[in-house]
Amino acid sequence: MRILVIGGAGYIGSHVTRAFLDKGYDVTVFDNLQTGFRENLFEEANFVHGDIMRPEQLGAVMAGGYDGCVHLAALKAAGQSMLHPAEYSHANISGTINVLNHASAAKISPIIFSSSAAVYGSPQYLPVDENHPKDPENFYGFTKLEIERLLDWYDRLKGMRYAAIRYFNAAGYDVQERIKGLELNPENLLPIMMEVAVGIRPKLSIFGDDYPTRDGSGIRDYVHVSDLAEAHVSAFEYILKQKKSLTVNLGSQAGVSVIEMLERARVITGRKIPAEVTHRRAGDPAELVASSGKALELLGWVPKYSDVDTLVSTTWKMYEKYVIR
Ligand code: UD1
């Protein structure tokens with residue numbers, strides 16, 4: 001089976017590529033290497049350097065013929081999306097329209113799409129299941145929701161099957177340390193914590209300790225990226241078998257607070273990790289936890305690596321070589 005992974009050199013994309021390779025698929029990665037890394041390319045996978053904004057490049061790669069396509073190429077910083085909506089609509093929405101039109105012309109189906117918990121906005125109840133109202137609080141989430149709606153129309157009008165996979169907080173690195181690229185200027189909690197641990201940043205800001213949570217800090221549902229990756233393969237196989245599209249949450253269903261993550265990180269890294277409580281970050285809900293019952297039921301998906309210690313230790317393995325003494 002031949003799979004095209006668009007955005008396969010990025011953080012999640014490289015883990016997804018690894019998961020398909022591990023299951024014996026023939027994988028081609030298509031990436032513009034803007035935020036992806038050359039070090040994340042595997043010898044066993046083909047690589048095509050190209051951009052979803054260049055229709056002729058998409059057309060050329062898709063002419064190769066594939067049994068399915070995973071589409072992860074996108075801009076993903078929620079805060080930045082509020083400042084630069086044009087860039088986000090261009091890269092995420094227009095880019096995906098290019099992907100869908102070329103996939104449809106080349107008769108490539110299904111499309112496995114990286115969606116996000118950001119489509120829900122602030123939770124009205126917990127845990128958040130797939131039927132929760134969709135009311136994105138940032139433009140990034142809006143782009144993901146618009147793409148899901150496009151996918152639904154392409155399914156209805158062109159018979160193109162899809163999986164929209166709504167990630168909660170992706171974290172961690174491959175336990176076998178086969179992924180080499182480290183994200184630059186990370187904006188998420190765990191990599192920021194690791195940058196403090198190695199001395200790249202002086203301290204961690206805890207964005208608020210006055211939320212109505214057990215210790216006052218924000219609670220999120222962290223899910224290991226290898227567990228996410230595995231679900232892409234399962235979703236692809238589900239669609240091949242069932243011949244119908246699918247929208248699922250992927251989270252560990254366990255909430256972890258910023259302070260709990262920090263305390264485990266201090267123990268696991270053996271580093272001090274200075275931290276101070278600062279003001280809340282605009283748009284941050286107190287708590288966001290997924291219901292992943294649907295992924296469990298339909299895909300048999302059970303996260304294996306999403307416990308806090310594995311999340312922290314696999315991330316620390318990537319960062320410890322950068323310790324500034
Ligand atoms: C982020 C994205 C969201 C995306 C999700 C999954 C933002 C605002 N949100 O969610 O759109 O769907 O990733 O990829 O970018 N925190 C600190 N100090 C820090 C950084 C974070 O206390 O320096 C706290 C936050 O307040 C939050 C938790 O850590 O409670 C996680 O934050 P983060 O890693 O940025 O992810 P989210 O904001 O949950």
Side-chain angles (χ1 to χ4, degrees), residues 7 10-13 15 35 72 74-84 88 92 113-123 126 128 132 134-145 147-148 164-172 183 185-197 200-225 227-229 249-252 254-265 273-290 306 308 311-312 315:
Y11 167 57
I12 297 178
H15 286 84
T35 50
L72 306 111
L75 298 178
K76 62 164 189 174
Q80 290 295 312
S81 75
M82 300 297 273
L83 305 172
H84 308 290
Y88 275 71
N92 293 8
F113 172 64
S114 299
S115 190
S116 169
V119 300
Y120 297 115
S122 282
L126 291 168
V128 173
H132 184 284
K134 280 73 174 172
D135 188 11
E137 280 215 349
N138 51 57
F139 192 74
Y140 161 75
F142 167 78
T143 66
K144 292 287 175 181
L145 188 57
I147 296 165
E148 287 194 7
I165 304 192
R166 295 179 180 152
Y167 311 145
F168 280 65
N169 291 60
E183 281 200 294
N185 307 315
E187 303 211 24
N188 293 106
L189 179 65
L190 198 46
I192 289 176
M193 224 177 246
M194 296 295 116
E195 288 198 351
V196 178
I200 297 173
R201 298 184 194 227
K203 62 184 160 202
L204 173 77
S205 299
I206 298 171
F207 296 150
D209 68 350
D210 55 354
Y211 284 106
T213 57
R214 48 186 177 262
D215 59 21
S217 67
I219 292 182
R220 293 291 181 276
D221 185 331
Y222 297 90
V223 55
H224 194 283
V225 64
D227 287 329
L228 288 184
N249 283 345
L250 289 185
S252 66
V256 178
S257 78
V258 174
I259 291 170
E260 288 163 353
M261 187 74 93
L262 176 62
E263 281 168 358
R264 284 313 293 161
I273 316 186
E276 70 172 355
V277 176
T278 60
H279 52 79
R280 293 180 179 190
R281 184 172 65 179
D284 268 359
E287 182 165 357
L288 191 58
V289 179
S306 296
V308 179
L311 292 169
V312 174
T315 312

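Remember, it's 1-based here, ligands and their atoms both numbered in the order they're listed.
At a heavy-atom cutoff of 4.0 Å, ligand 1 is contacted by the side chain of Y222 but not by its backbone. Looking at E187 against ligand 1, only its backbone comes within 4.0 Å, counting heavy atoms.
F139 places none of its side-chain heavy atoms less than 4.5 Å from the side chain of H84. Using a 4.5 Å heavy-atom threshold, the side chains of L250 and D227 count as separate. I219 places a side-chain heavy atom less than 4.5 Å from the side chain of R214.
A donor-acceptor pair is defined here as one N or O able to donate and one able to accept, closer than 3.5 Å; such a pair exists between the side chain of K144 and the backbone of S114. Proximity of a side-chain donor or acceptor of Y88 to a complementary backbone N or O of A77 within less than 3.5 Å is detected.
Here the NZ atom belonging to K134 is positioned 5.5 Å from the OH atom belonging to Y120, to the nearest 0.5 angstrom. The line from CD of E183 to CD1 of I12 is 8.0 Å long, rounded to the nearest 0.5 Å. The CZ atom of R220 sits 9.5 Å away from the CG atom of L189 when rounded to the nearest 0.5 Å. Atoms OH and CG, on Y222 and L311 in that order, are 9.5 Å from each other to the nearest 0.5 Å. Rounding to the nearest 0.5 Å gives a distance of 10.5 Å between CD of E148 and OG1 of T143.
Ranking protein heavy atoms by distance to atom 12 (O) of ligand 1, first place goes to S116 OG, 2.7 Å. For atom 38 (O) of ligand 1, the closest non-hydrogen atom on the protein side is R281 NH2, 2.7 Å. Looking only at protein heavy atoms, the nearest one to atom 36 (O) of ligand 1 is N169 ND2, 3.1 Å. Among protein heavy atoms, atom 26 (O) of ligand 1 sits closest to D284 OD2, 2.6 Å. A78 CB, 3.3 Å is the protein heavy atom nearest to atom 7 (C) of ligand 1. In terms of protein heavy-atom proximity, atom 39 (O) of ligand 1 is nearest to R220 NE, 2.7 Å. Ranking the protein heavy atoms by distance from atom 1 (C) of ligand 1 puts N188 ND2, 3.7 Å first. Annotation: atom 14 (O) of ligand 1 to nearest protein heavy atom, F168 O, 4.0 Å.
For atom 21 (C) of ligand 1, the nearest non-hydrogen atom from the set Y11, Y140, F207 comes from F207.
Looking at L189 next to ligand 1, an N or O pair under 3.5 Å apart turns up.
No heavy atom of Y211 sits closer than 4.0 Å to any atom of ligand 1. Taking a 4.0 Å cut-off on heavy atoms, S205 registers as neighbouring ligand 1. Heavy atoms of Y167 come nearer than 4.0 angstrom to ligand 1 in no pair at all.
Nearest heavy atoms, V223 versus G251: CB-CA, 4.1 Å. Nearest heavy-atom pair across M261 and V308 is SD-CG1, 4.0 Å.
Heavy-atom proximity to G218, at under 4.0 Å, picks out these atoms of ligand 1: 30 (O). Atoms of ligand 1 lying under 4.0 Å from at least one heavy atom of A118, given by number and element, are 11 (O), 12 (O). The distance from ligand 1 to the heavy atoms of I206 drops below 4.0 Å at these ligand atoms: 22 (O).
Within 4.0 Å of atom 3 (C) of ligand 1, not a single protein heavy atom is present.
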